[in-house]
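Here's the structure, in structure tokens; my notes come after.
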Amino acid sequence: MVDRYKHDLKEMQKRRTRRRIQDKAQTGNFEYTPENPAVDYFGGDTPVRVAVYARVSTGSVQQTSSYELQKKYYEEYVVRHPNWILCGIYSDEGASGTTDRHRDGFNQMLADCRAGKLDLIIAKSVSRFARNVVLCISIVLDLKGLSPPVGVFFESESIFSLNDEKSMPLSFFAIMAEEESHTRSRSMEASLRMRLDHGLPLTPELLGYRHDEEGGLIINPEEAPTVKLAFFMCLYGYSTRQIAETFNALGRKSYLGNVKWTANSIVGILRNERHCGQVHTRKTFTPDFRDHRSVKNRGERPRSRYLQHHEPIVSPSDFTAVQRMLDNARFRGREILPRLKVIEEGLLRGFVVVHPRWAGFGEAEYMKAAQSVGGSTASPMQIELCPGDLDLRGFQTVRPELYDTPLMGFVSFREKSLSLSSRLILRLGGHDRIELLLDPIGKRVALRPAEPGSRCGVVCAKRSGGIYRPRTIPSAAFGGTLFKIFGWDTDNFYRIIPTPYQSGDKLVFLCEAADAQAFLPKTACPAGRPLTPYRGWVRAVPAARAGSFGPDCYLARAEETAPLEGASRFLDDGSGLKATDRKTLAEFIRQELAGIDLEEPDGN
């Protein structure tokens with residue numbers, strides 16, 4: 001049943017509301033001010049400051065024609081609107097629309113809009129304005145939010161951004177423009193893959209080369225000497241800065257015809273493998289078509305390497321030598337193409353002397369050097385016992401760390417540094433420089449006092465108050481290779497107690513990678529397991545140690561009696577490189593300098 005009281009109350013409230021509205025409308029107790037008339041951008045009397053934006057995506061002749069036609073067309077287009085005032089034509093030639101980077105005209109136009117200099121932007125189409133949905137919509141909304149707002153008129157789609165009814169069509173066309181760019185990117189990727197699969201690499205022209213009738217690279221006799229001089233000066237020991245200064249003094253022209261050389265432009269020549277007749281494809285790739293940022297190809301895309309693809313300006317050996325020298329420059333190494341020295345006899349047979357400031361040798365070079373002498377001394381032993389001898393077969397020598405770690409001393413290895421403990425420094429007997437030797441087959445490192453004048457010696461201690469104190473040894477040049485050979489994790493650091501061997505005045509400390517204690521970050525350790533903390537790290541030992549106390553007793557004794565070192569020999573450079581000799585380098589450089597005096601490089 002309807003509540004009569006509530007029904008009458010509601011009807012009374014309605015009558016009061018109607019009467020209040022009618023009374024105010026009749027008595028004139030309020031004022032109403034209508035909105036200002038909307039600016040008619042396309043046919044009114046209000047002056048409209050107009051900008052035209054034109055863009056083409058490449059710098060080809062055909063695109064230049066399109067670019068000029070756009071500008072001419074919109075100059076006439078503006079004149080047909082009496083209230084329009086052309087304030088400028090902003091343009092970008094050879095710029096992609098998927099990003100606002102490298103679009104100087106576009107960014108200047110937006111800056112002028114924010115400065116209140118423009119009221120309207122005319123663009124041929126959404127795709128000419130931007131090929132990125134987020135970029136297009138965000139800029140349009142940003143311009144709409146200015147005071148006064150700035151509109152964008154897209155002629156082909158007949159869309160005016162200040163018209164709210166056009167928001168959805170604008171979003172749709174922006175998506176279409178972006179997808180069109182995406183489709184083109186995928187088509188180019190497929191075309192590139194097909195070329196690589198069929199042995200047709202892209203070989204654009206560069207300094208020292210030009211194209212023949214079939215698009216292949218042939219030597220440009222006018223530019224080739226400049227390329228050759230850059231390589232020969234680098235091989236001779238000159239820095240890229242010195243080479244650039246020399247080229248500027250000689251007036252040598254770049255590929256673009258400029259005479260403004262920098263160290264980076266010289267590196268660009270020296271790093272290009274096409275100068276030695278090779279072509280390496282897909283060294284970089286672009287993951288996202290929107291931002292066009294290139295990243296190094298580490299296997300994400302297929303790669304190809306073409307050897308003897310065209311006539312070289314410099315030999316492959318010279319090119320490889322230069323790459324190693326450039327890699328080594330960041331470690332301040334001054335040695336010119338150091339050679340690998342391998343021990344041929346004795347306890348250290350198969351050990352390779354490590355050059356501490358040379359990053360050009362990797363795992364393959366060290367392994368090849370060790371194998372050239374038959375590897376290390378590790379081999380099965382024949383044990384012979386005489387009557388009355390104590391048979392110690394099956395017995396083990398107890399590892400030092402089980403009873404006197406601090407007294408024995410240790411070596412700490414990190415990827416970019418290593419250091420000797422104070423106790424180990426004392427055991428060196430006053431030597432503050434050491435040499436490092438690597439056995440890649442047996443996975444061992446040897447340390448020995450460096451001979452006077454040794455270029456491979458590193459300072460391991462500093463004398464202070466009459467006492468030698470440990471000094472950290474940088475190992476960035478070879479540490480990564482050492483960790484890779486030993487199978488170590490670069491997030492950890494490792495500690496080894498070396499075994500000393502001495503014969504006469506010769507002293508060697510031998511470190512076995514298999515005996516290394518690992519120190520892991522606490523975050524890398526599984527929960528619920530017993531941990532041995534050490535200054536914020538967790539100590540761990542190899543699992544093989546669980547069933548032994550140390551090495552076989554007879555093996556230890558055999559190593560103690562073996563001679564430390566016999567004959568040794570140099571390898572050319574670890575890979576059979578036949579780089580141009582210094583005499584030939586000097587003659588060519590002198591000829592090309594044409595009377596310009598140039599000091600000898602450092603280290604020669």
Any donor and acceptor pair, going by atom type alone, linking the side chain of [X] with main-chain N or O of [Y] inside 3.5 Å?
X: Q323; Y: F319; result: yes
X: D92; Y: G105; result: yes
X: N248; Y: W261; result: yes
X: E363; Y: I485; result: no
X: S475; Y: F478; result: no
X: R55; Y: S127; result: yes

Do the non-hydrogen side-chain atoms of [X] and [Y] ever get within less than 4.5 Å of each other?
X: L120; Y: W84; value: yes
X: L420; Y: P470; value: no
X: V279; Y: H310; value: yes
X: H211; Y: L217; value: yes
X: I497; Y: D515; value: no
X: L143; Y: L110; value: yes
X: V79; Y: E75; value: no
X: L206; Y: V227; value: no

Notebook entry, point to check: Going by the angle between their ring planes, with limits at 30° and 60°, are Y209 and H275 parallel, tilted or perpendicular?
Noted result: parallel
Item checked: Plane angle bin for F153 and Y77 - parallel if under 30°, tilted between 30 and 60°, otherwise perpendicular -> parallel
Can you tell me if [atom1] on [X] sees more than 12 non-hydrogen neighbours from other groups inside 6.0 Å?
X: E165; atom1: CD; result: no
X: K443; atom1: NZ; result: no
X: M12; atom1: CE; result: yes

For the atom pair [atom1] ([X]) and [atom2] ([Y]), what is the distance rounded to the nearest 0.5 Å?
X: I269; Y: C234; atom1: CD1; atom2: SG; answer: 11.5 Å
X: T481; Y: F361; atom1: OG1; atom2: CZ; answer: 11.0 Å
X: C87; Y: K117; atom1: SG; atom2: NZ; answer: 10.0 Å
X: S125; Y: F173; atom1: OG; atom2: CZ; answer: 10.0 Å
X: L118; Y: Y90; atom1: CG; atom2: OH; answer: 4.5 Å
X: I473; Y: S419; atom1: CD1; atom2: OG; answer: 7.5 Å

What are the two closest heavy atoms between [X] and [Y], and how far apart are they?
X: S254; Y: L207; result: C-CD1, 3.9 Å
X: P356; Y: A477; result: O-CB, 3.5 Å
X: N132; Y: V134; result: OD1-N, 3.0 Å
X: L482; Y: V445; result: CD1-CG2, 3.8 Å
X: V140; Y: S161; result: CG1-CB, 3.5 Å
X: R80; Y: P82; result: O-CD, 3.6 Å

Notebook entry, point to check: Does the side chain to side chain contact (heavy atoms under 4.5 Å, CB included) test come out yes or no for K462 and R469, once each step is laid out?
Noted result: CA-CA 5 Å; K462 184 177 181 180; R469 303 185 185 280; 5.6 Å; no
Note to self: Among L86, D112, D119, exactly one meets side chain to side chain contact (heavy atoms under 4.5 Å, CB included) together with R49. Which residue is that?
What the structure shows: D119
Next item on the list: Can you tell me which residue pairs pass the side chain to side chain donor-acceptor pair (under 3.5 Å) test with a partner in residues 148-157, sequence neighbours excluded?
Entry: Y73-E155, Y74-E155
Next item on the list: Any chance you could lay out the side chain to side chain contact (heavy atoms under 4.5 Å, CB included) test for D489 and L520, step after step, and finish with the verdict?
Entry: CA-CA 9 Å; D489 190 334; L520 292 68; over 6 Å; no
Notebook entry, point to check: Using the benzene-type ring in the case of Trp, are the ring centres of F519 and W537 under 6.0 Å apart?
Noted result: no
Notebook entry, point to check: Between F154 and F129, does the ring centre distance come in under 6.0 Å?
Noted result: yes
Check: Is the shortest distance from a Lys or Arg side-chain nitrogen in E245 or R241 to a carboxylate oxygen in the other one below 4.0 Å?
Finding: yes
Note to self: Here's a test for you: under ring pair (Phe, Tyr, Trp, His ring centres under 6.0 Å), which of F486, F483, F410 qualifies with Y494?
What the structure shows: F483
